[in-house]
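Comments concern the structure below.
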Amino acid sequence: MGYQAVVIGASTGSFQALKIILPYLSSDFSLPVIIVVHRHRHSNTNFEHQLSQFSSIQVLQAEPQLPISGPSIFVAPPNYHLLIEEGRTFSLSLEKPVHFARPSIDITFETAAQVYGSGLIGVILTGANEDGSYGLTEIKKKGGVTIVQSPESAAVSEMPTAAINRSAPHKVLAVEEIGPFLNTLDS
Amino acid sequence: MDENDIIEIDLIIQAIHLKYGYDFRGYSKASIRRRITNMLTKAGFDTYASMLHALLIDETLFNSLLKEITVNVTNMFRDPEVYRAIRQTVLPALKGRSPLKVWNAGCSTGEEAYSIAILLSEAQLFPVYQIYATDIDEQVLKEAKDGIYDLKKIKDFTSNYQLSGGLESFSDYFTAKYDHARISQQFREQVVFFNHNLVTDSTFNEIDLILCRNVLIYFGSELQNRVFKLFWESLSPGGILCLGSKETIMFSDFADRFEALDPTNKLYRKK
């Protein structure tokens, strides 16, 4: 069985990075893409709508009970942790922030690794925080593929650097190489 | 969490049910397992198996850790726009009910129940009303009854109150002492706090307005259906259900038994 889902975690600078990555994914990119970005808790800007402007895949906000299937891009809502459940649906939680972040990339990545095992692709992008490095390690431990944006190509390098140091990912790629690489994994 | 951890965590969930009657088996799995993990960290056990044993023989330990499983994040006038909608749409729609009965299910430390008490007092639409507020955790119920909040939180409460359309002097509703503020006796007398478990208990009264916000996000779909049934049975004809901002009745078996009164603010009316 091939890959079944992609999880992407990003913080500061995420919009610019996603703006480069997502247009590479064609409308028949079959894997569901789950994106966790740190946003202000009262953020009212419609991030999903903004992403949909340059993506040929539909962009939805992740909702509890929503079945996770592609082609779709799901974005974690602000102020809730996003978890992946066994039945391949989402659940939300208001537990306290992890690394000052809610949603926490670690929580989504860890629960996704639990469900998808070696069928998961994890990607850490730009950010000023170490969130995600634990989650990426969990993905690798379960046999999934791990990708980190190269710190030189990141708007803020802390998050990719922390992820590289902690998880020794399979690939460290410049931001414009990530989309094409994801395409090669979608069989 | 490896495969064995998951087996042991699920055994803890079973054990808590058998020993103490709290049934977390229908909760969203990934979410409840994570919170059991938090419990392990908090209590300082090395293995789930050792925590399982300790929980079985030590009820005090169990009670002290229950808070780790039930998420107690709340606020007064949380999501102010929802309270604005309750002020402007819901209460006028329920005018004439006497006594008006409100149930805050999963009340945690009481902030939302007291918010409703304040709304009802300001609205002056109902000569008689009763607010019931329930939770499964005795410890938070006790805190709710005391109605004492950290002074630091009052600033947040006040801003939410004003955003919800409140026009009174909010600080008049509290008595401040040192670094705490206590909600006035008037409101404490209007709310009856008691233990009720949405998973296992049944309806206890006919209710006109149910607020159950950010409780169902932790429940699996089967359990959600059980709770929607309980709410449907408890609501009076035309009674209103208010859910949390990421919760909906629309994917449930009860979708067609409610009409959306204000879907943005998650307000549903019993058909």
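Because the structure is a prediction, the values reported are computed rather than measured. Residue numbers begin at 1 in each chain, while the letters A, B, ... track the order of the sequences.
Residue pairs that meet the side-chain hydrogen bond (donor to acceptor under 3.5 Å, both in side chains) test with at least one member in residues 106-128 of chain A, sequence neighbours left out, are A:His99-A:Asp106, A:Glu110-A:Tyr134.
Across A:Pro64, A:Ser93, A:Ser91, A:Gly87, the residue that shares the most heavy-atom pairs under 4.5 angstrom with chain B is A:Ser93. Ranked by heavy-atom pairs under 4.5 Å with chain A, the first of B:Arg35, B:Lys29, B:Arg34 is B:Arg34.
Less than 6.0 angstrom separates the ring centroid of B:Tyr114 from the ring centroid of B:Phe193. The distance between the ring centers of B:Phe62 and B:Tyr22 falls below 6.0 angstrom. Under the 6.0 Å cut-off for aromatic ring centres, B:Tyr27 and B:Tyr218 do not qualify, their centroids lying 6.0 Å or more apart.
Here the side chains of B:Leu66 and B:Tyr20 are not in contact, with every heavy-atom distance at 4.5 Å or above. Annotation: side chain of B:Ile36 is not in contact with side chain of B:Phe24 (no heavy-atom distance under 4.5 Å).
No part of B:Glu247 comes within reach of chain A, as not one of its non-hydrogen atoms sits under 4.5 angstrom from that chain. Neither the backbone nor the side chain of B:Leu216 has a heavy atom closer than 4.5 Å to any heavy atom of chain A. The contact between A:Leu83 and chain B is made entirely by side chain atoms (from C-beta outward), counting heavy-atom distances below 4.5 Å. Neither the backbone nor the side chain of B:Asn72 comes within less than 4.5 Å of any heavy atom of chain A. Proximity to chain B is limited to the side chain of A:Lys142, based on heavy atoms less than 4.5 angstrom apart.
Residues that satisfy the side-chain hydrogen bond (donor to acceptor under 3.5 Å, both in side chains) test with B:Asp10, not counting sequence neighbours, are B:Arg33. Qualifying side-chain hydrogen bond (donor to acceptor under 3.5 Å, both in side chains) partners for B:Asn195, counting only residues two or more places apart in sequence or in other chains: B:Glu138.
The contact list for residues 11-36 of chain A toward chain B, using heavy atoms and a distance under 4.5 Å, is empty.
Just one of B:Gln88, B:Glu81, B:Arg84, B:Arg87 meets the side-chain hydrogen bond (donor to acceptor under 3.5 Å, both in side chains) condition when paired with B:Ser164; it is B:Arg87.
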